[in-house]
Amino acid sequence: MSDHFVVSARKYRPLKFEDVVGQESVTTTLQNAIKSEQLAHAYLFCGPRGVGKTTCARILARDINDFKADESGDVSTSLNIYELDAASNNSVDDIRSLVDQVRIPPQYGKYKVYIIDEVHMLSQSAFNAFLKTLEEPPPYAIFILATTEKHKILPTILSRCQIFDFVRITVNDIAAHLAAICKKENINADESALHIIAQKADGALRDALSMLDRLVSYTDRRLTYESVLANLHILDYDYYFRLTDHLLSQNQAEALLLFDEILRKGFDGGDFISGLGEHFRNLMVARDAATVSLLEVTGSLKERYLQQATLVP
């Protein structure tokens, strides 16, 4: 019988700060704080989904107690580390229960760490019940709050936390991470295919890993540019290049026929216009040697952009 399948987002969840992708400023600051023993009593990790907020919270919780995670990264067995999902535990009673636990010192280790995910989902009354404990917790208690919607957090909560802003992960970083995973898993993947997945993920590594799992099943472990376009229902870059050529030659008939072909293939007109805007932006970037590095595309596609950019006034 084959081993139980574990999705890539869980299987390759980082177990140490050095493995976290695309958040160097955050991980470096946290590592330095641990080394110098200058730990705050409350942290707020905010940023888009799938960029490593909860992962970094778990790593921080383990490192300050010098705990070792198992291969799955599981810390739920530790009596010193508590995780609360504020999306489903957002009442005053839930927070009061947490506050009661805070009063009990750790049985072993140095700190009790409370990770509260999606903290913006707490009710107004739950926030108020949490304020005093968050401001003056026992010396052994550390709170790590995580949210995707920082603007919904009360200013009184923000003022009590060290705030870390997680950024969207770049296309190149995601593509490089996917390539490393494909190598480990013996998956044959084209560089251009991985770049398409990375672009579609919109800065969220977790989304990219979920798409990778789906595509591996669809393509039988052979990821090509064409198979990724077909499965993710993405329009080929070639259409944008061809339409731009028709516009430059003022061939309205061919431009309209090409647009009709795109609609007949089931693509939304609004999405196409958005993609065309991105294509024009890339052409503008490619016109200046100083900004060519801003192109987040593979080598062969970059050459094509550089070539067409010379034709655009």
Side-chain angles (χ1 to χ4, degrees), residues 10 13-17 26 29-31 33-34 36-47 49 51-70 72-166:
R10 290 180 57 195
R13 183 189 287 271
L15 300 180
K16 52 183 186 284
F17 283 125
V26 172
T29 305
L30 292 175
Q31 285 177 294
I34 295 171
S36 61
E37 296 186 352
Q38 294 181 338
L39 296 170
H41 66 271
Y43 295 90
L44 176 64
F45 292 171
C46 45
R49 70 184 189 282
V51 296
K53 299 185 298 297
T54 304
T55 294
C56 285
R58 291 174 178 175
I59 296 172
L60 177 62
R62 289 196 302 270
D63 283 2
I64 61 178
N65 279 306
D66 200 24
F67 291 157
K68 303 300 181 186
D70 57 28
S72 65
D74 183 29
V75 294
S76 60
T77 56
S78 170
L79 297 176
N80 289 53
I81 301 173
Y82 298 83
E83 288 195 34
L84 179 73
D85 177 21
S88 53
N89 300 278
N90 54 14
S91 67
V92 176
D93 290 338
D94 293 318
I95 294 300
R96 284 175 179 164
S97 175
L98 183 146
V99 170
D100 288 339
Q101 291 183 32
V102 172
R103 297 193 183 104
I104 305 171
Q107 300 304 303
Y108 63 97
K110 193 173 181 180
Y111 297 99
K112 290 179 76 173
V113 184
Y114 297 86
I115 301 171
I116 305 179
D117 215 354
E118 301 299 339
V119 70
H120 66 273
M121 298 289 284
L122 289 178
S123 64
Q124 179 77 40
S125 52
F127 268 129
N128 292 335
F130 189 38
L131 277 176
K132 187 63 177 176
T133 302
L134 187 65
E135 184 176 24
E136 297 179 0
Y140 52 78
I142 291 180
F143 296 95
I144 307 175
L145 317 180
T147 179
T148 54
E149 302 188 47
K150 177 182 172 182
H151 62 280
K152 291 186 178 180
I153 307 294
L154 295 176
T156 48
I157 295 288
L158 295 176
S159 66
R160 290 162 168 80
C161 300
Q162 272 194 16
I163 301 173
F164 288 83
D165 290 295
F166 286 66

List the atom of Gly47, the atom of Lys53, and the distance in Å for their closest heavy-atom pair. O-NZ, 3.3 Å
In residues 130-137, what donor-acceptor pairs under 3.5 Å come from side-chain atoms, sequence neighbours left out?
from	atom 1	to	atom 2	distance (Å)
Glu135	OE1	Arg160	NH2	3.2

Heavy atoms, side chains only, cut-off 4.5 Å: are Met121 and Asp85 in contact? no
Got a donor-acceptor contact below 3.5 angstrom from the Asn65 side chain to the Lys110 backbone? yes
Side-chain donor/acceptor of Asp94 to backbone N/O of Ser91, under 3.5 Å: yes
Check: Arg58 side chain, Ile115 main-chain N or O, donor-acceptor pair, under 3.5 Å: no
Between Leu39 and Ile34, is there a side-chain heavy-atom distance shorter than 4.5 Å? yes
Using every non-hydrogen atom in the two residues, find where Ile64 and Tyr111 come nearest and quote the distance to one decimal. O-CD1, 3.9 Å
Separation between SG of Cys56 and CG of Leu30, rounded to the nearest 0.5 Å: 6.5 Å
What do the steps show when you test Phe127 against Ile95 for side chain to side chain contact (heavy atoms under 4.5 Å, CB included), and what is the final call? CA-CA 8 Å; Phe127 268 129; Ile95 294 300; over 6 Å; no
Atom CD1 of Ile144 and atom CG of Leu44: how far apart are they, to the nearest 0.5 Å? 11.0 Å
Would you give the length of the straight line joining atom OG of Ser159 to atom CD1 of Ile153, rounded to the nearest 0.5 angstrom? 12.0 Å
Please give me the minimum heavy-atom distance between Asn80 and Pro106, naming the atom from each residue. ND2-CB, 3.3 Å
Ile157 side chain reached by Leu122 side chain, heavy atoms, under 4.5 Å: no
Tell me whether Lys112 contacts the main-chain N or O of Gln101 through its side chain, where contact means a donor paired with an acceptor under 3.5 Å. yes
Separation of Ile59 CD1 from Lys16 NZ (nearest 0.5 Å): 9.0 Å
Output the distance between atom CD (Gln31) and atom CG (Leu60), rounded to the nearest 0.5 Å. 10.5 Å
Verify whether one side chain among Arg13 and Thr55 offers a donor that lies under 3.5 Å from an acceptor in the other. yes
Do the side chains of Val26 and Phe17 get nearer than 4.5 Å, heavy atoms only? no
For the residue pair Ala61 and Ile81, what are the closest heavy atoms and their distance? CB-CD1, 3.8 Å
Expected output: side-chain Tyr140 to main-chain Val102 donor-acceptor under 3.5 Å: yes
If every non-hydrogen atom of Gly52 is compared with every non-hydrogen atom of Phe166, which pair is closest and at what distance? O-CE2, 3.6 Å
Hits for ring-ring contact (aromatic ring centres under 6.0 Å, His included) against Phe164, two or more places apart or cross-chain, chain-then-number order -> Tyr43, Phe45
For a quick test of reading the model, state the closest non-hydrogen atom pair linking Ala86 to Ile116 and the distance between them. CB-CG2, 4.0 Å
